[in-house]
Student: 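Right, I'll just put the structure down here and ask away after.
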Amino acid sequence: MAKEKKLVTAITDMEQDFPQWYTDVVKKADLIDYSSVKGCMIIRPYGYAIWELLQRQLDDIFKATGHENVYMPMFIPESLLQKEKDHVEGFAPEVAWVTYGGDTELQERLCVRPTSETLFCDHYANIIQSYRDLPKLYNQWCSVVRWEKTTRPFLRTTEFLWQEGHTAHATAEESEAETIKMLNVYADFCSDVLAIPVIKGEKTEKERFAGAKSTYTIESLMHDGKALQSGTSHNFGDGFAKAFGIQYTDKDNKLQYVHQTSWGVTTRLIGAIIMVHGDNSGLVLPPAIAPTQLVVIPIAMHKEGVIEKAEELTKRLSKIARVKSDLSDKAPGWKFSEYEMKGVPIRLEVGPKDIENNQVVLARRDTGEKIIVSMEELETKVEELLKDIQSNLLEKASQNRNSKTYSATNLADFEKTINETPGFVKAMWCGDKACEDAIKEKTGATSRCIPFEQEEIADACVCCGKKAKHMLYWGRAY
RNA sequence: CGGGGUGUAGCGUAGCUUGGCUAGCGCGCCUGAUUUGGGAUCAGGAGGUCGCAGGUUCAAAUCCUGUCACCCCGACCA
């Protein structure tokens, strides 16, 4: 693999100060700006373009799997939020309240949705009567508000964009199948589109979503060895249905409760892209999610025919990729750096020498490699390169994650590993919450998930030594 | 919510301890010329309620009080 060469000095080295590196990338790549409201960020055009591509592709998959989009109100009356006990207890500390309408104090205060389970449930109770009404497969794209104490761009903001799927099914088997199906949709999307490998698994009871029967998660690993929960899928069983009275009459004319699911991913995924693929020169975008896949940079623009050639190539390549050209009067070196910070997968340089030789120079962002390509095979080469970059990024991210995945069979090893070599730690667990708490207390690591792919790395629980039930992934998390 | 820090031009900052004349510098921006294969050079130019409010003083970016905001580190969360 090619040695990574530091090309831009405007960004702090990640080895030196990872949080600062992250902030620098987010700012230098023009993804966001801070706003005048604490914890809220302005998503700038380039950042939003990434979100739009992500949204469009995911939405297509949702539609293809039978889901429909709806839009729920952003306000939830307090009484509605309180219908499911665990749920309200889980979210109450972080909701924002509306208490006035104009200058009139409201009879009942309204919360700004932190999530919309209660709204969907209330609605489902009204529209579901018969088994013929099932399943209901709804999704909404919206923003939610959670009054977090500490915020970071994309990873945790007061308001964030997401999608939340909410479905209602006739049976427990169906809701479980839906939960797993959507988890797989997320996992495939992460690896195929975002080039981020994930661990699929179930959350322990301690980490479970407020009100859920079971919570499944995809966990990814960032460059600094910290874990990021990248998507979740919950099976509610009939808990919410009972709290909200969502019943239907089955084929045998018996009244039944529905079984529900919910699942979501957020703008946090953009944070994951940054921290999984980024390097010391800035952002590195997988082609599938890059708003600009190739940027055309003319060299010596004042020379005869250069601008015309750049425009011609831009037009030609626009047929096969998302292409833009930069004909501004900045120096070429400045442009190189600019598009590297922004993570554009391929840079095309074209100057008088190239025109003379009937060729162009392609530079790939992931490896820094420069390739001379003849005009004739340009399209073929660009398509090939985009594919190659996409798969190379997934390969690199997988290697990185695997090299930072360890296992521990006793607590001393566990602690040493998590402190000295940050990453995932695999360890056996007896299933007792006391051990989970103890490990968190002692090491600062949280249980990430009980992976579907289990391994027998020992017989005994890493904490108490009793007989182990599962292998768990642990890590320090964002 | 606890601890720490910072607010001076679009961005980054000097000045504040010890009050004093026109608030200095770098980047960026505008104009022109020369340049152009890794953040070009020269010349000229524009841009400031010194976070906000009050106070002390002949005089406040500087001292005092209050207030607002943001950042970083912890405990809680996608």
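All heavy atoms count here, side chains included; hydrogens, waters and symmetry mates do not.
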Student: Using the side-chain heavy atoms of A:Glu340, tell me which of these nucleotides is nearest: B:rC77, B:rC76, B:rG38.
Tutor: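 Side chain of A:Glu340 sits closest to B:rG38.
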Student: Over all heavy atoms of both residues, which pair between A:Lys63 and A:Asp59 is shortest? Give the atoms and the distance, please.
Tutor: NZ-OD2, 2.6 Å
Student: Between A:Glu349 and A:Lys370, is there a salt bridge with N-O shorter than 4.0 Å?
Tutor: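 Judged by the 4.0 Å cut-off on N to carboxylate O distance, A:Lys370 and A:Glu349 do form a salt bridge.
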Student: Taking 4.0 Å as the cut-off, does a side-chain nitrogen or oxygen of A:Lys330 come that near to OP1 or OP2 on B:rC29?
Tutor: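 Yes, such a contact exists.
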Student: Applying the Watson-Crick and G-U wobble criteria at under 3.5 Å, what pairs with B:rA14? Answer none if nothing qualifies.
Tutor: none
Student: In Watson-Crick or G-U wobble terms, both distances under 3.5 Å, what is the partner of B:rG44?
Tutor: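 Checking every strand shown, B:rG44 finds its partner in B:rC30, with both distances under 3.5 Å.
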Student: Return the nearest nucleotide to the side chain of A:Thr23; candidates are B:rU36, B:rC72, B:rG39.
Tutor: B:rC72
Student: For A:Arg152 and B:rC71, give me the distance from atom CZ to atom P, rounded to whole Å.
Tutor: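 So the two atoms are 11 Å apart, to the nearest Å.
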Student: Counting only Watson-Crick or G-U wobble pairs whose two distances fall under 3.5 Å, which nucleotide matches B:rA69?
Tutor: B:rU6
Student: Taking the six-membered ring for Trp and the single ring otherwise, decide whether the centroids of A:Tyr216 and A:Phe452 are under 6.0 Å apart.
Tutor: yes
Student: Please pick, from B:rG37, B:rG39, B:rC1, the nucleotide with the shortest atom-to-atom distance to any side-chain atom of A:Trp334.
Tutor: B:rG39
Student: Of the options B:rC1, B:rA40, B:rG39, whose atoms approach the side-chain atoms of A:Ala331 most closely?
Tutor: B:rA40
Student: Quick one: A:Phe336 CZ to B:rU36 P, roughly how many Å, whole number?
Tutor: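 The distance from CZ of A:Phe336 to P of B:rU36 comes to 14 Å, rounded to the nearest Å.
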